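Just so we're on the same page: letters track the sequence lines, and every chain starts at 1. These numbers were taken from a predicted model, which means no experiment stands behind them.
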2 protein chains.
Amino acid sequence: MNLFHFIIISNTIAVSVLFLGLAEGDRLLDIPCKVCGDRSSGKHYGIYSCDGCSGFFKRSIHRSRVYTCKAAGDLKGRCPIDKTHRNQCRACRLKKCFEAAMNKDGK
Amino acid sequence: MNLFHFIIISNTIAVSVLFLGLAEGDRLLDIPCKVCGDRSSGKHYGIYSCDGCSGFFKRSIHRSRVYTCKAAGDLKGRCPIDKTHRNQCRACRLKKCFEAAMNKDGK
DNA sequence: TGCAGTCCAACGTACAAAAAG
DNA sequence: TCTTTTTGTACGTTGGACTGC
Ligand SMILES: [Zn+2]
Ligand SMILES: [Zn+2]
Ligand SMILES: [Zn+2]
Ligand SMILES: [Zn+2]
């Protein structure tokens with residue numbers, strides 16, 4: 001949180017103004033998961049993400065998973081990842097996790 | 001944390017600005033944590049220790065924790081305690097805290 | 001001032017439920 | 001059907017930020 005404190009004094013008047021700025025770490029509710037759009041419960045592995053994507057990324061990393069997208073042709077690697085489809089293709093889900101800048105060390 | 005306080009005074013106006021900045025050399029002492037070798041932020045419970053070991057010791061003492069090392073045979077009670085392994089065995093971490101002379105009363 | 005206590009976001013482990021095979 | 005794997009929630013732990021003495 002940023003904190004600035006200004007005191008301005010003229011002849012007979014003193015004004016003290018305290019600014020508290022909302023910064024990155026402050027609690028902001030209802031920010032959706034950057035991977036699937038579901039409701040996030042805060043930051044996980046560097047980005048706002050839901051418990052599902054957070055757990056999926058954690059398991060994939062800890063076990064060094066390599067997934068393959070089973071779609072064919074132009075559809076390959078382009079599976080939709082939202083709350084209802086996120087479990088249909090692990091390859092595309094993990095890809096989207098990385099694209100959303102998820103990382104092991106929480107940035 | 002470094003703290004700079006500037007006061008600028010002209011004829012009829014004084015401006016006081018308080019900057020709170022995070023500075024590099026501040027809490028980063030050259031003396032490492034005697035338990036895990038991570039950088040310490042000063043003395044905690046009697047010895048130079050990092051925030052992690054300090055918090056771990058505090059929680060263990062306040063809640064009278066008793067941990068058991070899960071290693072077998074000759075390895076029992078000899079788990080390596082450094083920055084990357086300190087969370088893998090609470091028993092050995094706490095043991096090392098005591099061996100480094102950590103104590104409740106900070107002396 | 002430095003350090004102990006408090007707070008809490010983010011983490012890891014465990015597990016019931018669901019899905020896969 | 002049965003067995004194995006995966007999912008996502010629950011819950012305890014970690015450690016950095018903050019408060020107070
Ligand atoms: Zn998600
Ligand atoms: Zn796919
Ligand atoms: Zn330490
Ligand atoms: Zn051990």
Legend entry - Check: A:Lys76 side chain, A:Cys69 main-chain N or O, donor-acceptor pair, under 3.5 Å: yes

Inset, instruction - Answer yes or no: is there a side-chain heavy-atom contact under 4.5 Å between A:Phe57 and A:Ser49? - result: no

Inset, instruction - Rounded off to whole Å, could you give me the CZ-to-C1' distance for the A:Arg93 and D:dG8 pair? - result: 9 Å

Legend entry - Main-chain N/O of B:Ile47 paired with B:Lys34 side-chain donor or acceptor, under 3.5 Å: no

Legend entry - Within residues 75-89 of chain B, residues whose heavy atoms come under 4.0 Å of DNA chain D: B:Arg86, B:Asn87

Legend entry - A:Pro32 vs A:Ser40 side-chain heavy atoms within contact, under 4.5 Å: no

Inset, instruction - Measure the shortest side-chain to side-chain distance between B:Gln88 and B:Cys79 over non-hydrogen atoms and say whether it is less than 4.5 angstrom. - result: no

Legend entry - Close approaches to DNA chain C from residues 55-72 of chain B, in residue order (heavy atom, under 4.0 Å): B:Lys58, B:His62

Inset, instruction - Keeping the roles fixed (side chain from B:Lys83, backbone from B:Asp38), state whether a donor-acceptor pair exists under 3.5 Å. - result: no

Inset, instruction - Find out whether the Lys NZ or Arg CZ of A:Arg93 is both under 6.0 angstrom from the six-membered ring centre of A:Phe56 and within 45° of the ring's axis. - result: yes

Legend entry - Distance, rounded to the nearest Å, where A:Ile47 contributes CD1 and C:dA9 contributes C1': 16 Å

Inset, instruction - Tell me whether the OP1 or OP2 atom of C:dG5 has a side-chain N or O from B:Tyr45 closer than 4.0 Å. - result: yes

Inset, instruction - Compare side-chain N and O positions of A:Arg90 against OP1 and OP2 of C:dA20 and report whether any pair is under 4.0 Å apart. - result: no

Inset, instruction - State, to 0.1 Å, how close B:Ile61 and B:Phe98 come at their nearest heavy-atom pair, and which atoms those are. - result: CD1-CZ, 3.9 Å

Inset, instruction - Round to a whole Å and report the spacing from NE2 of B:His44 to P of D:dT14. - result: 17 Å

Inset, instruction - Report the residue (A:Asp51 or B:Asp38) whose heavy-atom-nearest nucleotide on DNA chain D is the more 5′ of the two. - result: A:Asp51

